Amino acid sequence: MFVALTTPVRWRIVAPHAIAWREWNGEVVVRAQSGSVHLLNPFASLVIRLLIDSPTPLSTDELSSALQASVSGSHLGEARDEVDASIEEFERLGIVEPGPS
Amino acid sequence: MIVADLPVGRLAATLAGPGLRLRTGPVVTRIRSTVPEVLAGIALHYSQHPIEDDEGFADFHVQVRPPPSFRRWVAPQLFFDFDGMPPFRPLPRAQAFPMLEWGLNWCVSSHAHQYLIFHAAVVERGGRALILPAPPGSGKSTLCAGLVHRGWRLLSDELALLEPDTQALVPLARPVSLKNASIDVIRGFAADAGLGPIVKDTIKGAVAHMKPPVDSVRRAGEKALPRWIVWPRYEAGTVGRLTAWPKSRSFMRLAENAFNSSEHGRSGFESMAKLIDRCDCFEFVYGDLEQAATVFAALAQQE
């Protein structure tokens with residue numbers, strides 16, 4: 001039997017005061033701290049909204065659970081895959097960063 | 001005083017001497033040149049524009065001049081100087097007036113950062129402005145030229161100047177740049193269009209400028225609030241129709257057509273978002289200018 005010894009990474013918005021975003025027709029347009037502007041697909045838009053609205057960093061498990069219902073007919077694993085992909089992209093764009101656990 | 005108040009000889013002497021302080025909307029440009037094509041272009045296209053005193057303030061100081069070398073006579077070229085320095089490579093002498101126009105566009109888009117500036121035509125009707133952003137070759141200028149001959153006021157053919165605080169669009173009524181086939185289209189569409197000579201073999205192909213309507217020049221102090229953003233695209237044989245375009249995607253396309261959003265930082269993002277909020281956004285594919293004018297007349301009638 002294995003026991004997970006690592007604490008899951010919890011994610012937060014980089015410099016929330018510097019991020020600007022707007023939502024139209026279910027799609028979020030976000031301006032990163034660098035000044036680059038990105039159009040997010042509907043699922044990624046939900047992920048970023050959760051992170052923006054959350055007062056504390058969130059793990060991918062927490063995000064996946066919250067968003068499972070948004071992926072039509074999906075299982076938790078599918079939602080987690082999409083959350084992982086979104087977080088990876090957000091981190092690459094400098095929009096999110098690991099926060100304190 | 002307007003340009004037409006100056007006899008041609010005095011206009012030439014002003015351009016060759018202290019420079020003509022030409023007001024186009026909020027911008028005053030001091031233009032100097034001894035090139036006859038520049039004189040002729042200004043006399044034709046800017047005849048109704050105000051001019052300022054010789055000692056007055058100018059936002060930009062520009063000159064269209066021949067090189068000091070033998071190239072003055074062999075395959076003659078011209079330089080566009082900004083504050084005494086040429087920001088661009090020289091162009092053939094035949095392109096003197098288009099070069100001045102492109103240079104003036106560059107002056108505004110590169111320096112007038114009190115505005116959010118978009119590559120777009122802007123026309124107004126009933127106090128509401130229609131923004132037509134689009135890349136070159138989309139039919140933007142053709143549509144703009146057509147609409148200003150069917151009841152719309154020209155604010156700009158090339159540069160939309162948005163005041164971030166008020167969300168008002170500031171007029172910059174200058175000549176409309178027509179390219180290639182659109183020259184004959186406008187000639188056939190509006191016999192009184194006031195087209196200048198065709199300049200061939202420019203980087204954009206054949207170019208001719210259309211004089212801005214007198215009413216648009218006289219009302220250059222009247223700003224307009226944006227109401228519509230329309231992405232035009234010419235497609236031969238197509239019946240023109242407006243198709244609603246998502247605001248999120250309109251934002252991204254508008255950002256691609258912004259000259260200076262990075263200078264405005266986060267507040268520029270917010271200003272653009274407000275602009276998108278207040279406008280209905282459409283894509284417009286058209287193949288006939290008269291029918292297109294009918295579509296936009298109907299749009300202007302809507303609440």
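No experiment lies behind these values; they were computed from the predicted model shown.
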Among A/V37, A/V30, A/I19, whose side-chain contact (heavy atoms from CB on, under 4.5 Å) with B/F269 holds? A/V37

In terms of heavy-atom pairs under 4.5 Å, which option from A/S36, A/A20, A/G26 contacts chain B the most? A/A20

Crowded around A/E88 CD? As in, over 12 foreign heavy atoms under 6.0 Å? no

Per-residue contacts, residues 241-255 of chain B versus chain A, heavy atoms under 4.5 Å: B/P246, B/K247, B/S248, B/R249, B/F251, B/M252

Considering all heavy atoms of both residues, which atom of B/R266 and which atom of A/P16 are nearest to each other, and what is their separation? NH1-O, 4.1 Å

One should read off an interatomic distance between B/I276 CD1 and A/R22 CZ, to the nearest 0.5 angstrom, of 10.0 Å

